[in-house]
Amino acid sequence: MLIAFEGIDGSGKTTLSKELYKFLIRRGIKAVWTCEPYEKKIRELILSEDQSPWVETLLFLSDRGIHVRKFVKPHLQRGYTVITDRFYLSTLAYQGFGRGLELKILEELNNKVTEGLKPDITFLIDLPIEVALERLEKRGNSKSKFEKEEFLKRVRKGFLKLAEENKNIVILQGNGNIYSLMGQILKHLYLFLQKKL
Ligand code: TYD
């Protein structure tokens, strides 16, 4: 089973996805946690240099292709639950809605690199931009090119629009407390598994 966590920078998806991973491990369920960008070298290339929107996109997509082949698929085949912090929805939201690139092309290219692999369920952690930016400021990292207010506003809207159109995407309010959020995540997973069995 492939579970993706998505959301804008500072939304809390990394904390929640790791929390879910720990929960499953404690219960003896075979699980792995992973994230995108996956390859350090590609991440650096994207974040440290000013790439054109399409070059940026192709780098993210190449990274995803490598991630899927090298890590995600082999683990799924061995019966692991794979939890990924970001997946294809990030490309649609950031490069599609954020950078204004054509969604249809992004989707087609994404399907090529993932060989059609889609998450079974995606948790979109939604948060007002102001709260997310405040959190990022507290973390004290220098701002990346993806963390500008106007840009993130478009990305957030994009995520929400994409989620409305897809029943496998669950929207969660990221400013609740972590226990309540974990409770909601587990409830949705339970409902999902019930439908499958
Ligand atoms: P990173 O510092 O790893 O951020 P985070 O911990 O918030 O995930 O950098 C990833 C950045 O790359 C993040 O700002 C979102 C962006 N991104 C895209 O624009 N498109 C994509 O397809 C992916 C996977 C990430």
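Each ligand, and each atom within it, is numbered from 1 in the order the structure gives. Predicted, not measured: the structure shown is a model, and the values here were computed from it.
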Exercise. Short N/O distance, under 3.5 Å, between Tyr94 and ligand 1?
Worked result: no
Exercise. Which residue supplies the protein heavy atom nearest to atom 13 (C) of ligand 1, what is that atom called, and how far is it?
Worked result: Asp9 OD2, 3.3 Å
Exercise. Parallel, tilted or perpendicular: which fits the ring planes of His75 and Phe71, with parallel below 30° and perpendicular above 60°?
Worked result: tilted
For this session: Considering heavy atoms of the protein only, find what lies nearest to atom 20 (N) of ligand 1 and give residue, atom and distance to 0.1 Å.
Result: Gln95 OE1, 2.8 Å
Exercise. Is any NZ, NE, NH1 or NH2 atom of the basic residue among Glu165 and Lys161 found under 4.0 Å from an Asp or Glu carboxylate oxygen of the other?
Worked result: yes
Exercise. Quick one: nearest non-hydrogen protein atom to atom 12 (O) of ligand 1, plus distance?
Worked result: Phe60 CZ, 3.3 Å
For this session: Using a strict 4.0 Å cut-off to heavy atoms of Thr91, name the atoms of ligand 1 that fall inside it.
Result: 21 (C), 22 (O)
Problem set entry | From CG (Leu152) to CZ (Phe97), nearest 0.5 Å | 15.0 Å
Exercise. In the protein, which heavy atom is nearest to atom 11 (C) of ligand 1, and how far is it?
Worked result: Phe146 CD1, 3.9 Å
Exercise. Which residue and non-hydrogen atom of the protein lie closest to atom 9 (O) of ligand 1, and at what distance in Å?
Worked result: Leu47 CD1, 3.9 Å
Exercise. Does a side-chain N-to-carboxylate-O contact under 4.0 Å join Glu44 and Lys41?
Worked result: no
Exercise. For the residue pair Tyr94 and Phe146, does the interplanar ring angle fall in the parallel (under 30°), tilted (30 to 60°) or perpendicular (over 60°) class?
Worked result: perpendicular
Exercise. If you measure only the distance, is there a donor-acceptor pair under 3.5 Å linking the side chains of Asp85 and Tyr21?
Worked result: no
Problem set entry | Where ligand 1 meets Arg64 - atom numbers and elements under 4.0 angstrom, heavy-atom basis | 22 (O), 24 (C)
Exercise. Starting from atom 6 (O) of ligand 1, which protein heavy atom do you reach first, and at what distance in Å?
Worked result: Lys13 NZ, 4.1 Å
Problem set entry | Distance, nearest 0.5 Å, that separates CD1 of Ile8 from NZ of Lys153 | 11.0 Å
For this session: Heavy-atom contacts with Pro37 under 4.0 Å: which atoms of ligand 1 show up? List them by number with element.
Result: 3 (O), 10 (C)
Seminar exercise, completed: Of all protein heavy atoms, the one nearest atom 8 (O) of ligand 1 is Arg86 NE, 2.7 Å
Problem set entry | Geometric class of the Phe123/Phe5 ring pair [parallel <30°, tilted 30-60°, perpendicular >60°] | tilted
Problem set entry | Closest protein heavy atom (residue, atom, distance) for atom 1 (P) of ligand 1 | Arg43 NH2, 3.4 Å
